[in-house]
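Here the structure comes first, spelled out in structure tokens, and everything after it is commentary.
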Amino acid sequence: MKPVFMTFTRGDIINFIVLMVLGFLIIPMTITNGYWYSSILIPWLCLALAAVGQQIVMGYAGQLSLGAAGFMAAGAFACFNLILRIPDLPFVGALIISGLIAAAFGILFGLPSLRVRGIYLMVATLASQFFIVWMIDKFGWFKNYDTSGIITAQNIEIFGKSFTSPIDMYYVVIVVVVILTLIAMNMVRGSAGRNWMAVRDMDIAAESMGVSLLKTKLEAFAISAFYCGVAGALFAFTYLKSLEPVAFDIKLSFKIMFMVILGGLGTINGAFIGAAFILLFPVVLNFIGNTVFHGSIDATIISSIEQVVFGALMIIFMIYEPLGMAKLWESIKSKIGFNKKK
Amino acid sequence: MISELLFFMEVLVAGLLSGTMYSLVALGFVLIYKASSTFNFAQGAMVFFAVLSFVGLMEFGIPFSVAFVLTIFLMIAVGLATERLVLRPLMNQSEDTLLMATIGLGFVLEGLAQAVWGVEVRRLDLGIKDSPIPWIADNLQLFISALDVTAGLVATTMIIGLTLLFKYTKIGLGLRSVADDAGAASSIGIPLKHIMLLVWSAAGVVALVAGMMWGARAGVQFALIDLALKALPVLIIGGFSSIPGAIIGGLLIGAVEKILEVYIGPYFGGGIEGWAPYVLAIFFLLYRPEGLFGEKIIRRV
Amino acid sequence: MIKSCMRKILSTVSVVGLLCSTMVLPQNSFGAETQYFPVASSRVGPYSAMGTGYYGAQIDYMNYVNMTGGVNGVMLTWQECETEYNAVKTVECYQRLLQKDGQKIVVFDTLGTPGAYAVINRMATDNVVLAQYGYGRTDAADGRVWPWVFNAASHYWSQIGVKLRWMAEIEGGVAKMKGKKIVHLHIDSAYGREPLPAMRKIAADWGITLIEIAIAPPGLEQQSQWLQIRKEKPDWVTFWGAGSGMNSTAMTNAARINFPRTKMMYVTFGGAEEDMVPAGDSAKGTYVVANALPGTDFPLVKNIKDKVYGSGKGNLSDTSRVGTVYWNRGLGAAVMWVEAMRNAQKIHNKVGKAVTGAEFRDGYEALNMTDERLAAIGVKGMVAPFAISCANHEGAGKFALMQWDGKKFNKVKDWTAPNDPKFIRQLVEDSAAKFAKENNITPKKCS
Amino acid sequence: MSVDSNNILEVKNIEVVYDNVILALHDVSLNVPKGKIVALLGANGAGKSTTLKSISTMLASERGKVTKGTINYNGNNIQGEIPSQMVHRGMVQVLEGRRCFGHLTVEENIIAGAYSRQLSKGDMSAELEKIYTYFTRLKDRRNSQAGFTSGGEQQMVAVARAMMAKPKMLLLDEPSMGLAPQLVAEIFNIVKELNQKEGVSILLAEQNTNIALKNADYGYILETGRVMLEGSAKSLANDEKVKELYLGISKGERKNFRDALYDDEKKKNTTAPTTKGRKFKIGGPILEVKNISLHFGGVKAITNISFNILKHEIRAIIGPNGAGKSSMLNCINGIYQPQEGTILFKGAVLDQINPNLISTMGISRTFQNLALFKRMSVLDNILVGRKLHTKSNFMQVGFQFPQTVREEKENKEKCEEIISFLEIEDIKNTQVGKLPYGLQKKVELGRALATQAEILLLDEPMAGMNVEEKRDMCRFILKVNDELGTTIVLIEHDMGVVMDISDRVVVLDYGKSIGDGTPDVVRSNPKVIDAYLGVAHD
């Protein structure tokens with residue numbers, strides 16, 4: 001336990017234990033309804049993982065990128081093809097290789113970050129979004145020449161056991177997400193994360209301290225894309241199961257960016273909180289529309305309200321709390337004495 | 001072979017003309033960028049919001065000209081609200097923060113427009129036929145739509161008008177001053193608030209005009225927002241702060257994407273124009289980050 | 001440390017508990033039997049025109065059924081979820097709609113091929129019927145491989161067969177089609193590509209040159225596609241788009257290059273009033289294929305207008321859309337649900353009771369919409385009469401042809417089957433067999 | 001405080017807060033009599049600009065707020081006013097840093113100044129002509145783009161532009177900054193003339209105490225947000241404290257900054273040490289700058305400069321603002337690529353230099369305008385300085401390999417050492433952006449120290465500090481030099497510091513080197529006195 005937690009305080013470890021108990025014991029014991037796993041928890045964890053990736057490149061390294069969904073598509077279709085074409089490849093191996101393939105795309109489309117920033121970089125990353133999805137769409141090989149262009153993800157098999165029920169898949173997802181999140185936390189709290197943040201806050205000073213901009217930025221892009229790639233593969237294999245490339249369209253990229261911004265730039269927690277909000281808010285809104293107003297509110301209005309609220313929250317957070325919901329959560333916790341100083 | 005050449009000409013002309021449509025949208029971005037160094041991601045949503053309101057008003061039986069004026073007032077109100085609720089609290093924040101806030105603004109406008117006017121695709125008849133101009137079709141064998149030519153003329157007029165405004169009027173002088181150094185401008189008594197309001201209202205009007213051209217061409221609908229994304233590579237190629245750049249960038253993107261799509265697209269099953277402009281923009285970024293006409297970016301330490 | 005750990009665990013447990021308890025929905029306390037239906041609507045975004053009409057009609061019809069005593073006394077309930085015609089959101093909605101008040105859905109209708117593909121594999125395990133009313137995965141018409149999926153009344157391969165047949169009729173016979181050039185202009189999605197396997201085969205048989213051109217959604221910009229069409233100078237264009245923007249733009253673009261609209265044949269999801277009107281004069285003369293004819297003269301449409309809209313319970317704010325193409329199509333789909341439910345009640349001796357997914361499936365498979373039955377419901381002539389069997393989940397396989405005159409649709413040809421329905425059926429069976437083999441599915445015996 | 005009812009401006013006990021947290025002014029009161037010139041003096045960051053901005057109401061746009069006290073202009077409280085209204089009422093500010101509209105022509109810039117006035121075409125040209133009689137230099141350049149004019153001309157444009165608004169009161173922020181002495185004189189002459197002929201009251205914020213007191217009627221001295229001293233210009237110029245702290249004139253027993261090195265021992269022992277020997281003897285050249293020229297577009301920043309740096313020495317670079325000192329550091333550091341000339345490090349030519357490469361060779365630096373990682377903690381900032389001593393890659397960090405853990409522990413210990421050396425233990429977990437200026441400077445030094453570089457390039461490490469803080473900083477610099485033998489290159493404006501602690505000084509002016517040698521040699525170089533030290537210094 002020592003090495004993994006070196007950079008962590010006692011409070012972190014307690015939080016970790018609590019979350020693990022919650023994730024591996026309490027949730028599986030209390031929730032039996034498959035709906036909760038397959039349409040809330042699994043997509044939440046998958047998207048949160050992608051948001052962690054986006055967080056690394058945008059929140060930590062400060063590079064405005066809008067291509068998360070493209071990298072997710074790369075990961076998802078890579079995983080499909082790997083399992084299809086290399087029969088002996090275990091699922092975990094396929095997952096890692098898919099991440100690496102996405103990372104390669106991340107490096108390729110992260111290259112413009114060496115020259116440009118802000119909106120310019122955003123446009124450059126849009127190219128990756130559109131190009132990757134187009135490529136998968138146009139070259140039949142990626143989809144095993146399915147005429148409809150829609151692939152069906154294979155069943156997950158690990159050590160000969162197949163994971164098909166919602167709760168099984170939940171376990172697969174949560175294990176992967178926990179491991180990758182821990183690694184991400186290690187990175188952002190260690191020297192790697194410091195380099196990213198240094199580049200974000202003052203690139204010239206960082207360079208003068210011996211931080212190579214080239215290496216650091218591309219590293220951030222690669223890791224971010226790796227996370228998105230793995231998230232995309234999980235998203236495809238545990239949530240969508242049948243998918244076509246357009247499932248990873250620009251809207252999803254925007255969503256992931258929103259998760260990071262609303263959750264709080266530069267915190268790993270923020271990725272999870274933001275993902276939960278973006279995912280749950282429409283569900284709650286719909287639920288209210290259906291139960292409180294008994295469907296008397298037009299679906300158009302509900303979905304428009306959803307958009308207005310997301311947009312307005314974005315502006316409000318930019319003005320009042322640029323650090324997002326994670327910071328808000330911290331303040332609430334400290335207010336009700338949840339996080340007393342030891 | 002002459003028909004091949006003729007066809008190429010036609011592709012080129014069609015590309016150039018559809019490029020002016022992008023320019024119309026890009027112009028709104030430039031206007032705001034030029035006066036406040038803010039990249040207004042919400043411009044696409046403003047296009048949609050403006051033209052949808054315009055058509056919506058017309059559906060109430062309000063005549064064309066009155067609806068036009070009312071929509072202009074509405075866009076001024078949007079400008080006012082934006083200045084008050086978004087820009088002022090975010091004064092002196094980093095460009096990235098403002099960019100993200102305008103993304104939020106875009107979502108708010110999209111949502112509002114849909115909540116108020118609904119989602120049906122509407123027809124907008126400007127009285128200009130979207131069909132080939134007979135004379136040109138007969139004599140040159142080129143099929144050029146009257147609407148496209150009108151859009152081109154409108155774009156040109158607006159560009160000339162805005163250039164003159166910026167160059168030769170007191171307001172223009174104020175706008176350019178604010179763009180160069182808002183702090184210094186405010187120190188000599190140029191009222192930033194009014195300037196911002198003016199610029200956002202002007203961008204609103206430009207958005208309305210762009211929306212009307214697009215609406216007449218493709219129906220007034222939600223998908224117009226996606227088109228605004230195409231204005232981004234136009235801006236990168238033309239330069240964010242250049243009015244002529246917006247038109248040149250538009251023409252370039254329009255021509256290149258159509259030529260690529262028509263001549264190379266079939267080998268890949270089409271769809272190249274979906275990403276080609278962005279990749280083109282990347283190459284421009286690598287060789288000329290400030291765009292063709294943009295002001296040179298100098299970072300001082 | 002352990003203490004604080006425990007405290008945290010306890011408080012988190014209580015928070016989770018609280019969350020769960022709020023999510024447990026109040027049980028339906030009334031005694032009346034209800035049957036729950038999902039409305040996975042798409043009323044937002046580029047594809048909203050079809051979603052509003054189609055799902056509006058479904059809700060209107062369910063309201064109508066409830067107002068007239070329910071299905072043998074069973075009241076219909078429903079819940080709506082917005083899919084935005086997006087496959088990911090469709091899955092989400094499917095999960096969300098799957099259960100309500102302890103009752104499971106028995107049928108699912110996505111009104112979108114991508115969405116249908118996204119959920120199609122879940123049907124057998126969840127015991128839900130996937131009703132693809134004239135859309136979706138075509139080879140699912142083979143009920144032996146896809147017992148839970150129905151393409152009633154007619155699928156895309158039949159549709160393309162019918163389209164080609166009409167072209168031949170207009171040109172003066174199949175023999176005349178030899179050497180003709182057809183452009184298949186389609187949206188770049190699973191839906192746009194769906195008719196291609198059948199179309200390629202027929203084209204090869206008839207000696208037609210087939211050119212496939214894709215439009216990326218949302219398709220407001222089709223200049224390059226139409227430039228290609230201008231270059232190719234085809235005799236016909238089969239248009240396979242979605243979303244009013246794309247559909248109307250195609251006609252305006254055709255007008256720009258003077259391509260005759262009378263040589264364009266629109267798909268069922270491209271040809272509705274909402275698609276034609278925005279194109280204005282450019283739309284005049286366009287041929288549109290229909291699997292449910294528009295019109296307000298059908299008795300059922302009139303009744304709904306009187307009863308449901310008369311009492312202010314209508315789902316659409318714009319009453320004039322009742323009786324349009326999408327609305328009537330939605331009505332056709334809802335009529336099938338209710339009819340299938342009636343059948344299920346009869347077959348499984350549950351008249352006056354709610355049915356399960358499996359029972360509903362049996363009822364669906366027993367659909368026999370004869371002209372008499374359609375007349376009894378009040379939609380005779382609106383849809384083609386059809387019957388479904390264990391092996392054949394398609395039904396009619398027939399379409400009607402309409403032409404837009406600038407104001408409304410005029411029927412120009414009545415319900416027609418493809419030239420060689422057996423050939424189409426063979427394609428379906430081959431494709432289904434291939435799928436079954438690849439996925440180790442043992443086809444059900446139907447005898 | 002004078003009780004003159006004729007005051008055009010009265011500032012009473014104002015307190016200013018930025019971003020709701022950072023206190024910029026504590027308690028500032030001052031008066032400007034009608035038709036007089038009042039100087040506001042003090043170091044960088046003392047609160048001069050903030051005071052001016054609170055008067056011109058430009059504070060709001062920088063998220064600042066006057067939380068206490070009142071400001072009366074022309075008898076009215078200015079609370080709730082906005083800058084454009086203040087201009088209408090005749091108060092115009094000339095901002096710090098020659099902020100003219102670079103893409104506009106000189107004439108357009110000046111015309112923009114009349115934005116708040118409704119002038120006919122004829123009036124406008126008459127006004128222009130009048131302005132040109134003061135600023136004759138600008139008339140010749142009226143059609144050139146302001147961005148391409150020289151620094152002095154830009155400053156003139158800014159003043160001329162402000163005059164076009166026909167102000168009753170002018171707030172001038174650092175008009176002399178970065179200008180050569182002759183130009184400074186020229187601008188001050190114009191200012192004086194405007195004051196006398198047009199009757200404009202002037203509040204002048206100025207770092208150059210010398211020239212300010214020469215031209216002003218009355219003066220206030222600010223230190224860390226408080227008025228420390230006030231009086232007529234004459235009395236201030238003769239005040240002993242002012243002389244010592246701001247004029248660099250020392251009479252009697254002035255403490256030598258080099259003695260700061262022994263402050264520690266003094267605290268412990270009471271008796272001052274007698275030995276002043278250095279542990280590391282100054283060696284041969286470690287870095288040689290040969291014929292370096294650098295220009296941006298058409299503007300020459302450095303012209304043919306050569307000098308060398310010896311091992312273990314403290315080398316100062318002095319010269320007026322804009323003389324090319326920072327550009328020189330940026331060339332050595334690899335941020336700028338000089339167009340001509342070579343730089344030799346330990347005898348080897350540095351080719352294709354970039355900051356990253358330079359840092360790996362053992363050269364580290366601080367920046368003039370604070371280039372800290374604002375959203376990171378103090379400890380993390382300093383830890384970034386350990387980058388070169390970190391071997392682990394991101395994978396090893398992610399999986400926390402044993403050697404990574406060890407390395408991180410060592411780095412942290414090293415940084416803790418530096419933190420306790422700089423005596424900033426209590427702020428080590430604070431976010432750097434929230435610290436006051438002086439502490440940020442310390443953190444930046446700490447970050448540079450963490451690299452354990454052979455050469456430290458320090459760009460104005462003591463700017464904006466009072467003497468006590470400067471002494472502290474000197475102690476750190478001297479200790480590093482003395483105990484670790486680190487070679488130090490120092491840019492500094494405080495002549496006292498420079499003369500006391502540096503071994504050799506190079507003087508730059510207008511991108512050219514005008515003097516090089518030991519402090520004593522430089523001090524008596526007539527060229528240096530002319531261009532930089534000024535007549536008042538001898």
Side-chain angles (χ1 to χ4, degrees), chain A residues 58 62 64 66 109 111-112 114-135 137-140 203-205 208 249-251 254 257-258 261-262 265 298-320 322, chain B residues 29 33 39 41-42 45 82 85-86 88-90 93-116 118-119 226 229 232-233 235-236 240 268-272 274-287 289-291 297 299 301:
Chain A
M58 190 171 157
L64 211 52
L66 190 57
F109 286 99
L111 279 172
L114 302 176
R115 289 292 301 267
V116 295
R117 50 202 292 153
I119 180 76
Y120 294 88
L121 182 58
M122 203 156 131
V123 176
T125 54
L126 270 179
S128 81
Q129 165 74 47
F130 290 127
F131 181 78
I132 293 175
V133 173
W134 175 85
M135 187 185 73
D137 210 33
K138 288 298 164 187
F139 294 92
D203 50 359
I204 286 180
S208 303
D249 64 356
I250 178 78
K251 286 212 172 88
F254 266 113
M257 188 165 116
F258 275 25
I261 294 174
L262 293 183
L265 284 170
D298 204 353
T300 320
I301 305 271
I302 291 186
S303 131
S304 307
I305 291 174
E306 183 190 311
Q307 264 192 337
V308 173
V309 170
F310 281 161
L313 277 178
M314 198 117 143
I315 298 172
I316 290 168
F317 272 106
M318 279 299 138
I319 295 173
Y320 297 105
Chain B
F29 286 97
Y33 193 84
F39 186 83
F41 209 88
T82 308
L85 301 175
V86 183
R88 211 183 301 172
L90 285 173
Q93 293 283 9
S94 76
E95 265 178 51
D96 286 4
T97 306
L98 273 163
L99 174 63
M100 288 186 256
T102 58
I103 295 177
L105 178 68
F107 270 70
V108 171
L109 287 177
E110 273 171 41
L112 277 181
Q114 291 191 81
V116 174
V119 290
D226 296 355
L229 285 179
L232 297 177
L235 289 165
I236 283 186
F240 279 83
F268 296 96
I272 288 182
W275 53 264
Y278 299 93
V279 174
L280 193 65
I282 291 189
F283 284 113
F284 257 83
L285 281 177
L286 294 179
Y287 291 106
E290 69 274 13
I297 308 157
R299 279 193 74 203
V301 188

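The contact between I319(A) and chain B is made by backbone and side chain atoms together, counting heavy-atom distances below 4.5 Å. Of the atoms belonging to I282(B), it is side-chain heavy atoms, and not backbone ones, that fall under 4.5 Å from chain A. Proximity to chain B (any heavy atom under 4.5 Å) is restricted, for L265(A), to the side chain, taken from C-beta onward. With a threshold of 4.5 angstrom between heavy atoms, V116(A) approaches chain B through side-chain atoms but not through N, CA, C or O. For E95(B), no part lies near chain A; criterion is any non-hydrogen pair under 4.5 Å. For M318(A), the parts sitting under 4.5 Å from any heavy atom of chain B are the backbone and the side chain alike. Within the 4.5 angstrom heavy-atom criterion, only side-chain atoms of F258(A), from C-beta onward, approach chain B.
Annotation: F130(A) is in aromatic contact with Y278(B) [ring centroid separation under 6.0 Å]. Between F240(B) and Y120(A), the ring centre distance stays below 6.0 Å.
When all heavy atoms of Q114(B) and Q307(A) are compared, the pair lying nearest together is NE2-OE1, 3.4 Å. Contact record, A115(B) with S304(A): N-OG, 3.5 Å, taken as the closest heavy-atom pair. Between L286(B) and P112(A), the closest heavy-atom pair is CD2-CA, 4.3 Å. The heavy-atom pair separating G270(B) from K138(A) by the smallest distance is O-CE, 3.1 Å. Scanning all heavy atoms of the two residues, the minimum distance from A124(A) to L285(B) falls at CB-CD1, 4.2 Å. When all heavy atoms of V123(A) and A281(B) are compared, the pair lying nearest together is CG1-CB, 4.3 Å.
Of the listed residues (I119(A), L114(A), L121(A), I305(A)), the greatest number of heavy-atom pairs within a distance under 4.5 Å of chain B belongs to I119(A). The most heavy-atom pairs under 4.5 Å with chain B, out of F109(A), F131(A), W134(A), come from W134(A). Heavy-atom pairs under 4.5 Å with chain A peak, among L280(B), D96(B), L85(B), at D96(B).
Distance check, rounded to the nearest 0.5 Å: CG of L229(B) to CG of L126(A) gives 6.0 Å. Between atom CD1 of residue I315(A) and atom CG of residue L98(B) there is a gap of 11.0 Å, rounded to the nearest 0.5 Å. The distance from the CZ atom of F268(B) to the CE atom of M135(A) is 12.0 Å, given to the nearest 0.5 Å.
Side-chain contact between I103(B) and M257(A): present, with at least one pair of heavy atoms (C-beta onward) separated by less than 4.5 Å.
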Problem set entry | Residue pair M122(A), L232(B): steps toward the side chain to side chain contact (heavy atoms under 4.5 Å, CB included) verdict | CA-CA 9 Å; M122(A) 203 156 131; L232(B) 297 177; over 6 Å; no

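For F283(B), the CZ atom counts as loosely surrounded, since its 6.0 Å shell holds 12 or fewer non-hydrogen atoms of other residues, nucleotides or ligands.
Between F41(B) and F254(A), the ring planes lie perpendicular to each other; the angle is over 60°, past the 30° to 60° tilted range.
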